[in-house]
Structures are given as structure tokens and as C-alpha cells.
Amino acid sequence: MAVVFLGLTVLFNFFPKTKYSPLEKRELTQFPKFSMASLTQGKYTTGISSWFSDTEPYRDTFLKASMWLKDKEKISVSPSTSVTFHAAAPAKKAAPLPDERDVQSFQNDADPENAKIAHKGIAIVGSGSNVRALMAYGGGPEGGVAYAQCCNTFAKTLGPGVKVYCMVIPTAIEYYCPREIQSCTTKEQPTISNIYKHLEPQVQAVNVYNALGRHYKEAIYLRTDHHWAPLGAYYAAEQFAKVAKVPFRNLSYYNADTVHRFVGSMYGYSKDIAVKRAPEDFIYYVPNRLNFRTTYVDFQIDKKYNVTGRGTPHKGEFFVKFRDGSSGAYCTFMGADTRLAYLQTGTKNNRHLLIIKDSFGNALPAVLMYSFETISVVDVRYFTYNLADYVKKNHITDLALTLNVFSAYSDSFVNKALTMLRKGDPAPDMAKEAARLYGGKK
């Protein structure tokens with residue numbers, strides 16, 4: 001035992017520290033900067049402790065070993081298990097909302113004996129190659145009102161010339177949570193219904209809840225990632241096209257491409273080796289009858305995800321090719337969140353769509369190219385132009401706010417969305433920039 005402790009002492013104190021964790025996909029804690037104030041307040045020594053424990057050599061190797069040991073324990077979940085929810089607000093009891101009578105109930109056939117709670121309250125269900133990681137939801141049925149009011153503000157500010165839509169995207173746990181652990185999460189549908197209930201008539205709700213649920217036995221959500229799958233985005237886009245009254249093409253108009261052996265973000269979040277052992281196919285769809293082109297403006301961010309600058313408009317590929325086994329395959333669409341994308345689809349119908357999104361919205365433009373002439377894609381966290389100015393200069397006819405229910409419940413996301421209407425720099429004319437880059441008329 002003395003030799004073991006001596007070896008660990010040498011390892012942790014003299015081997016190179018880890019600076020980045022591929023498993024957790026994050027930069028690790030940096031050594032704190034010294035100041036007398038931070039020393040006297042105890043922040044400096046606390047910072048050193050955090051740095052030391054977060055950056056140990058071979059960090060991911062030790063994490064994987066820990067996952068292997070926990071997997072061998074095979075701890076099952078009872079209904080009374082305590083869980084840390086990712087949404088902050090507690091659930092509340094409320095009377096059924098008006099449209100709940102029209103909501104279908106979807107239940108997965110996951111094996112309850114293999115259900116357990118992993119790191120940060122993430123549920124692991126199923127076994128072998130069918131393992132699925134689910135992020136628990138803790139929002140209440142009376143939540144989301146601020147987001148509904150935000151959508152109303154967009155419609156009021158932009159006026160009747162722009163059709164405004166609200167799409168709240170459920171997450172996988174709404175369709176794949178076994179009954180035995182349903183007490184570890186709350187239903188998302190009441191929150192979604194409450195948001196739609198508070199929309200003004202000039203905002204059209206795009207209720208994709210049943211549209212997705214009818215296909216829950218298909219691969220509409222990724223098992224190893226917190227996002228939906230491109231197939232789920234396809235069914236949601238189909239519902240949106242019906243509401244917006246635009247054309248929509250079936251999958252025969254697309255070429256399916258696949259990234260094999262994909263393991264996404266839920267491996268790092270859950271720290272459960274069972275997720276790593278259950279890779280999946282990431283299948284996405286590329287229009288095969290359209291000549292589309294994409295113009296980007298990239299935003300630079302610091303380590304706290306604050307925007308520090310932006311580049312000039314440039315050409316780029318909408319679909320980014322990832323190799324088999326890559327954990328970044330969801331970035332197939334546009335490559336990153338930190339950019340404005342302007343997509344000229346090749347469809348001619350004088351309908352110009354602006355998508356305001358979190359990362360779930362990345363998959364939507366790919367399956368809406370047959371529906372709109374241009375599609376602009378804006379991430380609510382990084383856009384630095386004035387949105388109303390962008391809408392005017394780029395002749396936007398349709399604006400869709402497409403957030404997942406966690407984001408829609410978040411005051412931070414709502415405030416950032418409203419800030420886009422109040423602040424920001426003059427927006428570029430992206431058609432003009434595309435004409436300059438690609439040649440041809442504006």
C-alpha cells in the first residue's frame with residue numbers, strides 16, 4: 001500500500017497536468033492568478049485546490065476506470081431514488097391544460113431492470129447495444145411563460161409582414177422513460193402546452209409533440225447524445241411546413257449519409273461506460289435535387305462563451321463530413337453553433353426563413369431546403385447584429401423560434417433572445433455578400 005500511495009504521489013505531483021478532457025469535451029480548470037485580495041478572501045487557495053483536482057494526469061483514463069467499476073456494481077433505480085435535475089424549477093401540480101386531452105401517450109419498451117441513475121441525474125436505460133442515456137427534466141407545468149411572451153414580443157416588434165412561429169422541441173426522456181423511473185423526471189408536455197397557451201394570435205404554434213411521438217419507435221432521438229436525430233428533425237420540419245403552408249419533400253428527395261460508431265455528449269455527461277459501449281449510426285439527409293450554397297459569418301468567443309469578435313462573410317459547406325467514430329458528428333450541420341449561416345437553397349418561392357435556435361435547431365435547415373428560397377440560421381447565444389435590421393435587409397418573410405424545452409424554460413435564453421431585438425450592430429445584406437463571394441446577381 002505504501003508503494004501504491006508513493007506512486008500516486010509521484011503521478012499527481014510530477015507528471016504533466018491534463019489541460020483538456022476529450023471525454024467531457026471541455027477545457028479543464030486553469031491555475032488561478034494571484035492577488036492579495038484573492039488570497040485574503042480564500043479564493044486563491046480554493047482555486048489551487050480546484051485546479052489540482054480537476055487536472056490530474058491521465059484524467060480520462062481514471063474516469064473510464066471509475067465508470068467500469070460503477071458499471072460492475074449494477075445499481076438499479078427505485079422510484080424513491082434522489083436525482084439532481086438539470087432544470088432548476090421544481091415540479092408543481094396544476095389542473096390539466098386545455099389541449100392535453102389531444103396529447104397521445106408514448107411509452108418505451110426499455111428494460112426497467114437495467115435502468116439506473118448515472119452522473120448528474122442522467123438515466124441509463126436498456127442494455128448492450130440498445131443503451132440509451134436520458135437527461136431528466138425538472139421544469140413545472142406552469143413554466144415557460146416568459147418564453148411565450150418573448151415570442152409575442154418578436155411578432156409585435158417585427159409587425160404583420162413577418163410570420164412568427166414558436167416550436168418547442170421535447171427531449172428524448174419524454175418518449176423513452178420507463179415507468180419504473182418516471183418519478184425521477186417530470187413531464188415536458190405540460191410545460192410545452194403552457195407555452196403555447198400563452199401565445200398571442202399573431203404567433204403560430206408548431207406543436208411537434210405528437211408528430212414526433214407517432215414515430216417514437218424509429219430513430220428520432222440519438223441514444224448517446226442529448227440532441228434529437230436528423231430523422232426527428234425531419235418529422236418536426238414536416239409539421240412546420242404544414243403550419244407555414246410551404247412545400248415539403250419526402251426522404252426520397254435526399255441522399256442518406258452515415259457516420260458509423262458515433263458516441264455523443266451523453267457519454268461525457270453521464271460518465272457511464274455502458275454508453276461508450278453502445279455506439280450508434282448518425283444518419284443525416286442531403287438534398288439531391290437542389291443546387292444550394294452557404295455563406296457564413298463566424299463569431300469568436302472566449303472560454304466563458306462570450307462573443308469577443310466576428311469575422312467577415314465567407315463561403316462554406318453546409319454539411320461538414322466527419323469520419324466514422326467521431327464524437328462531433330452532430331456538428332455535421334454548419335460545423336458549429338458560433339456562426340450566422342445564410343443558405344440559398346435553389347428553391348424559388350419568395351419565402352425567406354429565419355431560424356432562431358439553440359443547438360437542436362441545427363438539424364432543421366437541411367430538411368427545409370425544398371420549402372424556402374433562403375434560410376438564415378441564428379443561434380440565440382452568439383448573434384451580435386440587430387435582429388430587426390437583419391429581418392428588414394434580408395427580406396425575411398417567416399421567423400421560427402425553435403428551442404428545446406430546457407432552453408425555452410431558461411430565463412437566460414429568453415433574455416438573450418430579447419436582447420437581439422433591442423441591441424446589436426447594423427446587419428449585413430447576406431444576399432449581396434453571397435453575390436460578391438459566389439458571383440452572379442444579388
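Values reported hereafter were calculated over all heavy atoms of this structure, with side chains retained and with hydrogens, waters and symmetry mates removed. Quick caveat, the model's predicted, so the values are computed rather than measured.
Glu174 places a side-chain N or O within donor-acceptor distance of the main-chain N or O of Gln189, the cut-off being under 3.5 Å. Judged purely by atom type and a 3.5 angstrom limit, Asn394 has no side-chain atom pairing as donor or acceptor with the backbone of Ile396. A donor-acceptor pair under 3.5 Å is absent between the side-chain atoms of Gln239 and the main chain of Ala211, judged by distance alone. Side chain of Arg351 to main chain of Val246: no donor-acceptor pair is present (N/O by atom type, distance under 3.5 Å, no hydrogens or angles). Looking only at distances, a side-chain donor or acceptor of Thr186 sits under 3.5 Å from a matching main-chain atom of Gly139. Distance alone, capped at 3.5 Å, places no donor-acceptor pair between the Ser38 side chain and the Lys43 backbone. At least one donor-acceptor pair closer than 3.5 Å links the side chain of Thr345 to the backbone N or O of Phe372. Under the 3.5 Å distance criterion, the side-chain polar atoms of Arg223 are matched with a main-chain donor or acceptor of Val131. No donor-acceptor pair closer than 3.5 Å links the side chain of Asn306 to the backbone N or O of Asp302. Put simply, the side chain of Ser410 gets close to the backbone of Ser412: a donor and an acceptor are under 3.5 Å apart.
Between the OG1 atom in Thr347 and the CD atom in Glu373 there is a gap of 8.0 Å [rounded to 0.5 Å]. For the atom pair Gln300 CD and Thr338 OG1, the distance stands at 8.5 Å (nearest 0.5 Å). Put simply, CE on Met369 and CG on Asn291 are 11.0 Å apart, with the number rounded to the nearest 0.5 Å. Separation of atoms CG (Leu134) and CD1 (Ile124) is listed at 7.5 Å; rounding is to 0.5 Å. Once rounded to the nearest 0.5 Å, the distance linking CG of Asp225 with OG of Ser359 reads 8.5 Å. Between Thr294 atom OG1 and Phe319 atom CZ the span is 8.5 Å, to the nearest 0.5 Å.
Take Asn255 and apply the side-chain hydrogen bond (donor to acceptor under 3.5 Å, both in side chains) test, not counting sequence neighbours, and it matches Asn288. For Phe31, the ring pair (Phe, Tyr, Trp, His ring centres under 6.0 Å) partners two or more places apart in sequence, or in a different chain, are Trp51. Evaluation of the side chain to side chain contact (heavy atoms under 4.5 Å, CB included) rule for Ala363 yields Trp228, Ala233, Tyr330, Phe333 as partners, not counting sequence neighbours. The side chain to side chain contact (heavy atoms under 4.5 Å, CB included) search around Thr374 returns Tyr342, Gln344, His352, not counting sequence neighbours. In this structure Ser407 satisfies the side-chain hydrogen bond (donor to acceptor under 3.5 Å, both in side chains) test together with Asp358, Asn404, sequence neighbours excluded. In this structure Tyr44 satisfies the ring pair (Phe, Tyr, Trp, His ring centres under 6.0 Å) test together with Phe34, sequence neighbours excluded. Evaluation of the side-chain hydrogen bond (donor to acceptor under 3.5 Å, both in side chains) rule for Asp337 yields Lys357, Asn362, Arg381 as partners, not counting sequence neighbours. Qualifying side chain to side chain contact (heavy atoms under 4.5 Å, CB included) partners for Val320, counting only residues two or more places apart in sequence or in other chains: Phe322. Every side-chain hydrogen bond (donor to acceptor under 3.5 Å, both in side chains) that Ser376 has, sequence neighbours left out, goes to Tyr390. Every residue meeting the side chain to side chain contact (heavy atoms under 4.5 Å, CB included) condition with Pro279, not counting sequence neighbours, appears here in chain and number order: Arg261, Val263.
Leu340 places a side-chain heavy atom less than 4.5 Å from the side chain of Met430. Contact of the Val208 side chain with the Tyr235 side chain is not registered, since no non-hydrogen atoms from C-beta on lie closer than 4.5 Å. At least one side-chain heavy atom of Phe282 sits less than 4.5 Å from a side-chain heavy atom of Pro230. Two residues are said to be in side-chain contact when any heavy atoms from C-beta on lie closer than 4.5 Å; Tyr216 and Tyr221 fail this criterion. For the pair Leu364 and Phe240, the minimum side-chain heavy-atom distance is 4.5 Å or more. Side-chain contact between Val10 and Phe15 is present, with at least one heavy-atom pair separated by less than 4.5 Å. In this structure the side chain of Leu387 reaches within 4.5 angstrom of the side chain of Leu399, judged on heavy atoms. Between Met420 and Val380, the closest side-chain pair of non-hydrogen atoms falls below 4.5 Å.
Contact detail for Cys150 and Leu418: the closest heavy-atom pair is SG-CD2, 3.8 Å. The shortest heavy-atom contact between Pro57 and Lys17 is CD-CD, 4.5 Å. Across every non-hydrogen atom of Ala146 and Asp411, the tightest pair is CB-OD1, 4.3 Å. Taking both residues in full, the closest heavy atoms of Leu212 and Gly232 are given as CD2-O, 3.3 Å, listed atom of the first, atom of the second, then distance.
Outside the 6.0 Å centre-distance limit, the rings of Tyr253 and Phe248 are not counted as a close aromatic pair. In this structure, Phe318 has its ring center no closer than 6.0 Å to that of Phe292.
Between Tyr137 and Phe406, the two ring planes are perpendicular [angle over 60°; tilted spans 30° to 60°]. In this pair, Tyr385 and Phe383 present their aromatic rings perpendicular. The plane angle is above 60°, beyond the 30 to 60° band. Ring geometry for Tyr269 versus His226: interplanar angle of 30 to 60°, hence tilted.
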Passes side-chain contact (heavy atoms from CB on, under 4.5 Å), Met167 versus Tyr165? Steps please.
-> CA-CA 7 Å; Met167 178 194 296; Tyr165 310 88; over 6 Å; no
Report the C-alpha separation of Ile181 and Val125 in whole Å, then their side-chain angles, then the decisive distance to 0.1 Å, and conclude whether the side-chain contact (heavy atoms from CB on, under 4.5 Å) test is met.
-> CA-CA 10 Å; Ile181 60 169; Val125 301; 3.9 Å; yes
Please test Tyr176 against Ile220 for side-chain contact (heavy atoms from CB on, under 4.5 Å), starting from the C-alpha separation and ending with a verdict.
-> CA-CA 11 Å; Tyr176 301 104; Ile220 60 171; 3.4 Å; yes
Might you work through the side-chain contact (heavy atoms from CB on, under 4.5 Å) test for Arg132 and Met266, ending with a clear yes or no?
-> CA-CA 9 Å; Arg132 183 184 294 275; Met266 295 302 274; over 6 Å; no
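Residues Asn152 and His198 have side chains that never bring a donor and an acceptor to within less than 3.5 angstrom of each other.
Partner of Val168 under the side-chain contact (heavy atoms from CB on, under 4.5 Å) criterion, chosen from Tyr209, Tyr196, Tyr409: Tyr196.
Pairs of residues two or more places apart, or lying in two chains, that qualify as salt bridge (charged side-chain N to carboxylate O under 4.0 Å, His left out) and include a residue from residues 310-324 are Asp257-Lys321, Arg310-Asp425. Judged as a salt bridge (charged side-chain N to carboxylate O under 4.0 Å, His left out), not a single pair has a partner in residues 238-250 (not counting sequence neighbours).
Residue Glu218 qualifies as enclosed at atom CD: its count of foreign heavy atoms under 6.0 Å is above 12.
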